[in-house]
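Below: the structure, in structure tokens.
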Amino acid sequence: MSHHWLILAVVLAVGMTGCDSGPQVAPVEGTVLLDGEPLVGASVNTQPLGTSSNPNPGAGSFGTTDEQGHYNLELVDPPIAGAVLGEHRVTITRKDKDNYSSSDKFVLPQGIPWPVRYGDGSLRLTVTPEGNIEANFDLTLKQ
């Protein structure tokens, strides 16, 4: 009978090591301003940065700014509110980058392209276990 107990113990040990409660996630929200004005309809995307001890920290998060430039991040997979703990690469882009509607509260001045530096991943955000309720980005069109 001890042979069966040994097999059961091994099965339980292997099963328990495979148990994962999912990524550690905290709520993240903030406001995006462009030259002091709310940026409406912008996509805010984050991707957690890997480390040598954790090369694949989890899925990225996304959000869209409302009429006040406010956003809440949601994890891509599984779809839950927040972002994975740790440092993230951030991109902020307009959903409709090439066709700005006059119905938007915010319209880029004619002929000024969306700055590459906001979409190249050089912006950073560190998500703490307490969450980030003021993950604000104050962008400018000036170089």
Side-chain angles (χ1 to χ4, degrees), residues 4-143:
H4 293 302
W5 286 111
L6 178 62
I7 291 173
L8 180 60
V10 169
V11 168
L12 286 174
V14 169
M16 289 176 68
T17 59
C19 290
D20 186 5
S21 61
Q24 290 187 320
V25 176
V28 177
E29 64 179 274
T31 301
V32 180
L33 301 178
L34 183 63
D35 291 331
E37 296 295 323
L39 183 58
V40 179
S43 294
V44 179
N45 296 288
T46 70
Q47 184 61 48
L49 299 173
T51 62
S52 57
S53 62
N54 187 11
N56 186 12
S61 294
F62 67 96
T64 302
T65 59
D66 63 15
E67 297 294 314
Q68 289 77 41
H70 184 263
Y71 71 93
N72 286 295
L73 289 182
E74 179 179 313
L75 203 63
V76 172
D77 187 29
I80 56 176
V84 172
L85 301 185
E87 187 175 7
H88 289 248
R89 182 180 305 118
V90 179
T91 60
I92 300 174
T93 56
R94 290 296 302 252
K95 281 187 162 193
D96 188 9
K97 292 187 279 193
D98 298 318
N99 184 15
Y100 298 101
S101 165
S102 60
S103 66
D104 284 349
K105 269 190 161 182
F106 179 80
V107 179
L108 283 179
Q110 195 69 357
I112 298 178
W114 182 249
V116 173
R117 65 188 176 274
Y118 300 135
D120 66 4
S122 60
L123 295 172
R124 294 289 187 266
L125 169 67
T126 300
V127 179
T128 63
E130 301 80 35
N132 302 59
I133 57 167
E134 290 188 20
N136 300 329
F137 294 94
D138 193 3
L139 312 179
T140 179
L141 288 175
K142 299 177 182 114
Q143 291 294 335

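Ser52 pairs by the side-chain contact (heavy atoms from CB on, under 4.5 Å) definition with nothing, not counting sequence neighbours. Remark: Glu130 engages Thr128 in a side chain to side chain donor-acceptor pair (under 3.5 Å) (not counting sequence neighbours). A search for salt bridge (Lys or Arg N to Asp or Glu O under 4.0 Å) contacts involving Arg124 returns Glu87, not counting sequence neighbours. Listed by chain and number, the residues in a side chain to side chain donor-acceptor pair (under 3.5 Å) with Glu29 are His70 (sequence neighbours excluded).
Counting heavy atoms from C-beta outward, Val25 and Leu85 have side chains that stay 4.5 Å or more apart. For the pair Leu125/Val28, a side-chain contact is recorded, criterion being any heavy-atom separation below 4.5 Å from C-beta on.
The closest donor-acceptor contact from the side chain of Ser61 to the backbone of Gly82 lies under 3.5 Å. Panel note: side chain Asn132, backbone Ala135; no donor-acceptor pair is recorded below 3.5 Å.
Here Asn45 contributes atom CG and Thr64 contributes atom OG1; the two are 8.0 Å apart, rounded to the nearest 0.5 Å. For the atom pair Thr31 OG1 and Asn136 CG, the distance stands at 5.0 Å (nearest 0.5 Å). Between Thr91 atom OG1 and Leu123 atom CG the span is 8.5 Å, to the nearest 0.5 Å. Between the OG1 atom of Thr46 and the CG atom of Leu73 there is a distance of 5.0 Å, given to the nearest 0.5 Å. Between Thr140 atom OG1 and Asp35 atom CG the span is 4.0 Å, to the nearest 0.5 Å. Distance CG/Asp138 to CD/Glu37: 10.5 Å, rounded to 0.5 Å.
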Item to complete: Evaluate side chain to side chain contact (heavy atoms under 4.5 Å, CB included) for Val127 paired with Val84, printing each intermediate quantity in order.
Response: CA-CA 7 Å; Val127 179; Val84 172; over 6 Å; no
Fill in: Verdict with supporting geometry, Val32 and Ile92, side chain to side chain contact (heavy atoms under 4.5 Å, CB included)
CA-CA 9 Å; Val32 180; Ile92 300 174; 4.2 Å; yes
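Annotation for Ile133: atom CD1 does not count as buried by contact number, only 12 or fewer foreign heavy atoms lying within 6.0 Å.
The two atoms that bring Val76 and Ala59 nearest to each other are CB-CB, 4.5 Å, heavy atoms only. When all heavy atoms are compared, the tightest approach of Pro48 to Gly60 is CD-CA, 3.8 Å. Residues Leu39 and Thr65 come closest through the heavy atom pair O-OG1, 2.6 Å. Heavy atoms only, all atoms of each residue included: Gly69 and Pro38 are closest at N-CB, 3.6 Å. Across every non-hydrogen atom of Gly58 and Gln47, the tightest pair is O-NE2, 3.5 Å. Annotation for Leu75 and Phe62: closest pair O-CE2, 4.2 Å, computed over non-hydrogen atoms.
Counting only residues at least two apart or in different chains, salt bridge (Lys or Arg N to Asp or Glu O under 4.0 Å) contacts with residues 69-79 are absent. The list of ring-ring contact (aromatic ring centres under 6.0 Å, His included) pairs with a residue in residues 115-137, not counting sequence neighbours, reads Trp114-Tyr118.
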